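Because only heavy atoms are used, hydrogens play no part in the values below, and waters and symmetry mates are left out as well, while side chains stay in. Only a predicted model underlies this, so the values are computations on that prediction, with no experimental measurement involved. Letters A, B, ... are given to chains in the order of the sequence lines, protein chains preceding strands, and every chain is numbered from 1.
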Amino acid sequence: EAGVVQSPRYKIIEKKQPVAFWCNPISGHNTLYWYRQNLGQGPELLIRYENEEAVDDSQLPKDRFSAERLKGVDSTLKIQPAELGDSAVYLCASSFGQGAGGTEAFFGQGTRLTVV
Amino acid sequence: RKEVEQDPGPFNVPEGATVAFNCTYSNSASQSFFWYRQDCRKEPKLLMSVYSSGNEDGRFTAQLNRASQYISLLIRDSKLSDSATYLCVVYNYGQNFVFGPGTRLSVLP
């Protein structure tokens, strides 16, 4: 079974440029998460989708970040314009349902963004 | 105060040593608990879930104390391949997986 697929793996852009990341979750997983991980820290949630609905975007910097999951399957995360402080690894994860106990989040390999 | 806190580390231990990691969480309504492992420049992967009764998987033992809001991970007879960052994760029903900052372990020959 294919895992969570993200692209690109690496991206280097100049500040003020736009950038987009793509994620395809595990088939059948209705919950999709975008996390940002800075060096030496744990992943921090940006946005969570239940199917096509963004149910928690409280941590998403909405002045420059946007996300969509139009058909409730794959998702894109966009930054426009990018700032130096956006350099991080952007991780996509998916899980099946919202059940407590045993629910596991599966992660993609991430996109390592460097803003110069 | 962060919702999930862990030992700052890093832990540098010799092969064969026993090492324990501690984690505390602030949300008393949290329902599920996990330890994830993250290798350098890789994505986090589930190591084990943590149950109230405690659970063991080979050399790994996880414990949960809901009253103290405390989670632990014990690794016995550590191997070089155990070197990684260990992330404590708390899940709240209908909400999100909240990660601790991670504790880095280096097992030395």
Side-chain angles (χ1 to χ4, degrees), chain A residues 2-7 9-10 21 23 25-26 29-51 53-60 88-114, chain B residues 2-10 21 23-53 55 57 62 64 66 71 84-106:
Chain A
V4 177
V5 179
Q6 288 188 247
S7 68
R9 288 291 311 278
Y10 305 93
F21 315 126
C23 171
I26 292 173
H29 282 192
N30 57 319
T31 305
L32 184 147
Y33 311 80
W34 282 103
Y35 285 86
R36 177 169 59 188
Q37 186 172 27
N38 291 305
L39 189 64
Q41 298 180 26
E44 295 182 336
L45 183 77
L46 291 172
I47 189 168
R48 175 171 64 98
Y49 282 93
E50 297 293 343
N51 300 304
E53 183 182 359
V55 295
D56 186 352
D57 63 356
S58 58
Q59 302 302 312
L60 189 73
V89 176
Y90 290 82
L91 292 161
C92 179
S94 70
S95 66
F96 178 70
Q98 303 176 43
T103 301
E104 176 185 351
F106 294 84
F107 282 83
Q109 292 183 301
T111 297
R112 185 173 298 273
L113 174 67
T114 302
Chain B
K2 287 193 175 287
E3 189 171 340
V4 180
E5 299 197 65
Q6 297 185 236
D7 290 331
F21 302 134
C23 170
T24 57
Y25 60 96
S26 61
N27 186 346
S28 60
S30 298
Q31 296 167 302
S32 299
F33 310 90
F34 308 89
W35 284 101
Y36 273 68
R37 171 191 168 131
Q38 187 172 26
D39 292 300
C40 187
R41 302 180 79 87
K42 299 285 189 181
E43 73 275 22
K45 292 184 178 178
L46 180 68
L47 177 66
M48 59 197 303
S49 300
V50 187
Y51 304 116
S52 296
S53 55
N55 48 302
D57 183 2
L64 167 64
R66 285 186 183 269
I71 307 161
T85 295
Y86 291 83
L87 297 159
C88 178
V89 186
V90 171
Y91 176 78
N92 305 317
Y93 181 77
Q95 296 183 35
N96 307 309
F97 291 86
V98 182
F99 286 76
T103 301
R104 188 155 58 91
L105 171 66
S106 293

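Using a 4.0 Å cut-off between charged side-chain N and carboxylate O, D39(B) and R37(B) make a salt bridge.
A centroid separation of 6.0 Å or more is found between the aromatic rings of Y36(B) and F97(B). Aromatic pair Y33(A)/F107(A): centroids not less than 6.0 angstrom apart.
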* Before giving the answer on ring-ring contact (aromatic ring centres under 6.0 Å, His included), spell out for F99(B) and Y35(A) the whole-Å C-alpha distance, their side-chain angles and the decisive distance to 0.1 Å. => CA-CA 10 Å; F99(B) 286 76; Y35(A) 285 86; 5.4 Å; yes

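Of the atoms belonging to Q41(A), it is backbone heavy atoms, and not side-chain ones, that fall under 4.5 Å from chain B.
By number of non-hydrogen pairs under 4.5 angstrom with chain A, the leading residue of Q38(B), K42(B), K45(B), R104(B) is Q38(B). Ranked by heavy-atom pairs under 4.5 Å with chain B, the list A93(A), G40(A), A105(A), G110(A) is led by A105(A). With respect to chain A, the highest number of heavy-atom pairs below 4.5 Å among N96(B), V4(B), L87(B) belongs to N96(B).
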